[in-house]
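Order of listing sets the numbers, starting from 1, for every ligand and every atom in it. This is a predicted model, so every value here is computed, not measured.
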Amino acid sequence: MRRHLIRKSKPLPPHERGAGFVRAASDDEDNDGKFESGLATKVRPKTKRPNLYRVLLLNDDYTPMEFVVGILKEVFNKDQESAWQIMMHVHQNGVGQCGVYPYEVAETKVMRVMDTARKNQHPLQCVMEKE
Ligand code: TYC
């Protein structure tokens, strides 16, 4: 947690509060006519954005198109149409993106793809790369 020090200015003696020593009413946050002094700490919860990773499928000459479509539906939650489009993109371009995820999610998806491909004796390759 990060703490920010907030310094409020020292209260002025009455004789210094005339012209040239005017203070904004908004400086008196609790509106009690007095100006707080000393240190206050505000706590701001740290919300770090996770590093994201692209998960990519690589083309090969042997994995059946329907198997790749099945993977995209099962592992990457694609519907039939977008699964088919992604598979065709990979088929025609050599590589294509299945999704973007935080590190551990991406890693799990790559492992599921590689495991399923190996169990079915297909050479399908899946990799992840930092966004
Ligand atoms: N090129 C494969 C074929 O013609 C299909 C394929 C598509 C394979 C995408 C892998 O990631 C891939 N059967």
A student checking ligand 1 against Val90 at a 4.0 Å heavy-atom cut-off should list atoms 9 (C), 11 (O), 12 (C)
Under a 3.5 Å distance rule, please check whether Gln125 uses its side chain to pair with a backbone N or O of Pro123 as donor and acceptor.
yes
Run down the list Asp61, Leu56, Thr63 and name the one with the heavy atom closest to atom 5 (C) of ligand 1.
Thr63
Numbered atoms and elements of ligand 1 in range of Leu58, under 4.0 angstrom, heavy atoms:
10 (C), 11 (O), 12 (C)
Could you find the nearest protein heavy atom to atom 2 (C) of ligand 1 and give me its residue, atom name and distance?
Asp60 O, 3.2 Å
Between Lys78 (side chain) and Cys98 (backbone), is there a donor-acceptor pair under 3.5 Å?
yes
Atom 7 (C) of ligand 1 sits nearest the protein heavy atom Asn59 OD1, 3.6 Å
Just to verify, which of Val68, Leu57, Leu58 counts as forming a side-chain contact (heavy atoms from CB on, under 4.5 Å) with Val90?
Leu57
If you draw a 6.0 Å radius around CD in Gln92, do more than 12 non-hydrogen atoms from other residues or ligands fall strictly inside?
yes
Is there side-chain contact between Thr108 and Tyr101, with at least one heavy-atom pair below 4.5 Å?
no
Close N or O approach (Tyr62, ligand 1; < 3.5 Å)
no
Which ligand 1 atoms does Leu124 reach within 4.0 Å, using its non-hydrogen atoms?
10 (C), 11 (O), 12 (C)
Donor-acceptor pair, Asn120 side chain versus His122 backbone, under 3.5 Å?
no
What is the nearest protein non-hydrogen atom to atom 4 (O) of ligand 1, stated with its residue, atom name and distance?
His91 CE1, 3.1 Å
